[in-house]
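Labels below follow one simple rule: chain letters A, B, ... track the order of the sequence lines, proteins then strands, and each chain is numbered from 1.
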Amino acid sequence: MELIYSRTKTIQEDKVSGFCPGCMHSTVIKLIGEVLEEMDLVEKAACVLGIGCCGLHMDYIAYDNTTAPHGRACAVATGMKRTNPDSLVFTYQGDGDFASIGLAESMSAANRGENITVIFINNGIYGMTGGQMAPTTLIGMKASTAPKGRIAEEHGYPMHMCEILNQLTAPAYLVRTSCNTPANVIKTKNAIKKAFQNQLDGKGFSMVEIVTSCPTNWGLDPLDSLKFIEEKMLPEFPLGVIRDK
Amino acid sequence: MARVLMKGCEAIAEAAVRAGCRFFAGYPITPQNEIPEYFSRRLPEVGGTFVQGESEVASVNMVYGAASAGTRSMTSSSSPGIALKSEGISYCAAARIPMVYANISRGGPGVGAIQPAQQDYFQATKASGNGGFEMMVLAPATVQEAVDLTYAAFDYADRDRNPVLILADGVIGTMMEPVELPEMKSDEEVAAIKESKKSWACIGHKLDYANRAWIQPGHWLTDEMQKANEDAEEMYKSWEKDIMVEEYMVEDAEAVIAAYGISGRIGKSVVDILRKEGKKVGLIRPITVHPFPYKSFDKIDYSKCKGILDVEMSIPAQFVKDVEVAVKGRCPIDTCLCSGGNIMSREAVIEAVNKIIEK
Ligand SMILES: Cc1ncc(C[n+]2csc(CCOP(=O)(O)OP(=O)(O)O)c2C)c(N)n1
Ligand code: SF4
Ligand SMILES: [Mg+2]
């Protein structure tokens, strides 16, 4: 029989993922692993993890990784890539990490056109710490620190990182995808591939923003989370290529 | 080797380059701007990389990244900027990443004053970041010493896989003195150092879980975290052998000046002046302020010594706390202090020593 699917070897068999059921972090980690294998890049991979649920897989990925202080992944990646241009350096960051505490590091690395790849997981919430408001939390969406929901007058509006970075001259590739349907999963995988290829080609800063779910802190089951993405998240965060140089 | 006239900051940067430092990231702050400026000119000449970070926070994390990938790396700042680096330093210590940083310290707290001070002693030696880690802290009193200690710092950092701090002050950083520069490490030597870190450096490894590089600035499992701290403590204890101290005319002294860095240098000149007057004065100047040379204070003859004079450019006094531990109540300790960017006056030290002797 022809083998048409097998689990990526970049995920260690005997280790357990720390992700909740239905969490799309695990989908994205799988996609990254598949891309690394398909592009034959595992031996070059140097992954910089953010702090948050975005770091829960450090124990079960089989490639090189380090953990940056909360928000500083793009700075850590800058130091790594500048001193080892042959490594494939990518960050894996949540929205609190990338777009709140790490805003300066994120914007500045993008502005310098660092030849790194950012995988940015936008789940609209602080997952790990228990559902506090993120810069990406939707208007009206409840969070443990916004019990009445996000109120524009008090909290401002959700931040659109692709569009914000699109104001800068240097970035090469800015794309927003999701993992809410099989078709979107495939698009996400292709976007990651392209972002890695850009780095190999020396094109500079690429970011794949992935709109994902956090069933646990959204208070929804995994299926309703898919619906929430479709009906609420995607109208606020439209998918597509924002920049492709 | 020929002597050259150099400013402290530039000499520190040149010594780092000669030690094989090939990555520097930093952010402007007086009085250490000449360090990043010098690196920005010098590193490209030797195939290294300089990055002006968007902040001290970013800069220390760039160094964390570069050092995690095996390159000898450095950052520098002055007091308020050093405070911002503390989280990154703590990460380096936790993950056992070798790196070197320099604090060309100035007045504090807050934005303080841009003039020289020694207000960061506790921060440097006791709690440079969260989590109770320790570092070797080297405190030069001359530009030459700054050069030699910076050069050595990279070896200590690599030996222990731990950060090392150069604790200088604005006087050392901005003063020009003739220095003899150490040997420039060859490209082959620099490459060999990087090569020796390949097994743990986060640069990509063959697909094999057991063989991957995993830089861990913390641990999920409490037993693993405890084990990491126990291992680190073993390292801290091993530093006893690395203690460096200048003990000057201590044995017969009726008054002993205890001071580090630029205050130690001023203190030594006071010893020379007063010895010429026939007064028995000595000096203990820790060069490693951590590990602290507590045992040097056992060399004082307490049957003759009337008192110790703690001299430091900090109000309140901080270094004196370590001196108290070392002296163990065997004689009184006076202080001679200044702060706010004022430089220690030799006359004030002489007067304070005389007061002890005339007791
Ligand atoms: C300096 C610092 N501040 C705060 C925290 C606590 N903290 C850990 S994870 C996290 C939020 C993570 O949210 P996000 O980046 O959106 O990632 P997610 O968990 O949603 O994937 C926070 C605030 C920390 N570890 N360090
Ligand atoms: S808390 Fe949310 S983001 Fe974190 S693992 Fe669970 S579902 Fe995923
Ligand atoms: Mg999040």
Assert top hit (heavy-atom pairs under 4.5 Å, partner chain B, pool Gly79(A), Ala109(A), Ser108(A), Pro69(A)) equals Pro69(A)
Can you check whether Arg82(A) reaches Val51(B) side chain to side chain, under 4.5 Å on heavy atoms? yes
For Asp40(A), does the CG atom sit with more than 12 other heavy atoms under 6.0 Å from it, leaving out its own atoms? no
Give a yes or no on whether the backbone of Thr83(A) and the side-chain of Arg22(B) come within a donor-acceptor separation of less than 3.5 Å. no
Would you compute the distance between atom CG of Leu49(A) and atom CD1 of Ile215(B) and round it to the nearest 0.5 angstrom? 11.5 Å
Between Lys44(A) and chain B, with a heavy-atom cut-off of 4.5 Å, which part of the residue counts as in contact: side chain, backbone, both or neither? backbone
Within a radius of less than 6.0 Å around NZ of Lys245(A), do more than 12 heavy atoms belonging to other residues, nucleotides or ligands occur? yes
Would one find more than 12 heavy atoms of other residues, nucleotides or ligands at under 6.0 Å from atom NZ of Lys126(B)? yes
With a 4.5 angstrom heavy-atom cut-off, is it the side chain or the backbone of Ala77(A) that approaches chain B, or both, or neither? neither
Counting heavy-atom pairs under 4.5 angstrom with chain B, the leader among His70(A), Glu43(A), Lys9(A) is Glu43(A)
Max heavy-atom pairs within cutoff under 4.5 Å with chain B, candidates Leu36(A), Leu88(A), Ile61(A), Asp86(A), goes to Ile61(A)
Heavy-atom closest contact (Thr66(A) atom, Tyr64(B) atom, distance): OG1-OH, 3.3 Å
What is the minimum heavy-atom distance between Met62(B) and Arg112(A), and which atoms define it? CE-NH2, 3.4 Å
With a 4.5 angstrom heavy-atom cut-off, which part of Ala95(B) approaches chain A: side chain, backbone, both or neither? neither
Rounded at 0.5 Å granularity, tell me how far CG in Leu207(B) sits from CG in Leu41(A). 12.0 Å
Which atoms of Met58(A) are under 4.5 Å from chain B, going by heavy atoms: the side chain, the backbone, both sets, or neither? both
How long is the span from the CG atom in Asn65(A) to the CH2 atom in Trp214(B), to the nearest 0.5 Å? 7.5 Å
Looking only at atom types and distance, does a side-chain atom of Asn84(A) sit under 3.5 Å from a main-chain N or O of Ile203(B), one as donor and one as acceptor? no
Of the backbone (N, CA, C, O) and the side chain (C-beta and beyond), which part of Asp59(A) lies under 4.5 Å from a heavy atom of chain B, both, or neither? both
Please look at Ile51(A) and chain B and tell me whether the side chain, the backbone, both or neither of the residue comes under 4.5 angstrom of a heavy atom of that chain. side chain
Separation of Glu54(B) CD from Met107(A) CE (nearest 0.5 Å): 11.0 Å
Measure the spacing between CE of Met80(A) and CZ of Phe23(B) and express it to the nearest 0.5 Å. 11.0 Å
Least distance between heavy atoms, Arg212(B) atom then Ala62(A) atom: CB-O, 3.6 Å
Chain A: which of Ala25(B), Ser68(B), Ala69(B) shares the most heavy-atom pairs with it under 4.5 Å? Ala69(B)
Beyond-backbone contact of Tyr209(B) with Lys15(A), side-chain heavy atoms, under 4.5 angstrom: yes
Let me know if Val60(B) has heavy atoms under 4.5 Å from chain A in its side chain, its backbone, both or neither. neither
Using non-hydrogen atoms only, which part of Ala58(B) is less than 4.5 Å away from chain A: side chain, backbone, both, or neither? both
Less than 4.5 Å to any heavy atom of chain A: does that hold for the side chain of Phe50(B), its backbone, both, or neither? backbone
Let me know if Lys81(A) has heavy atoms under 4.5 Å from chain B in its side chain, its backbone, both or neither. neither
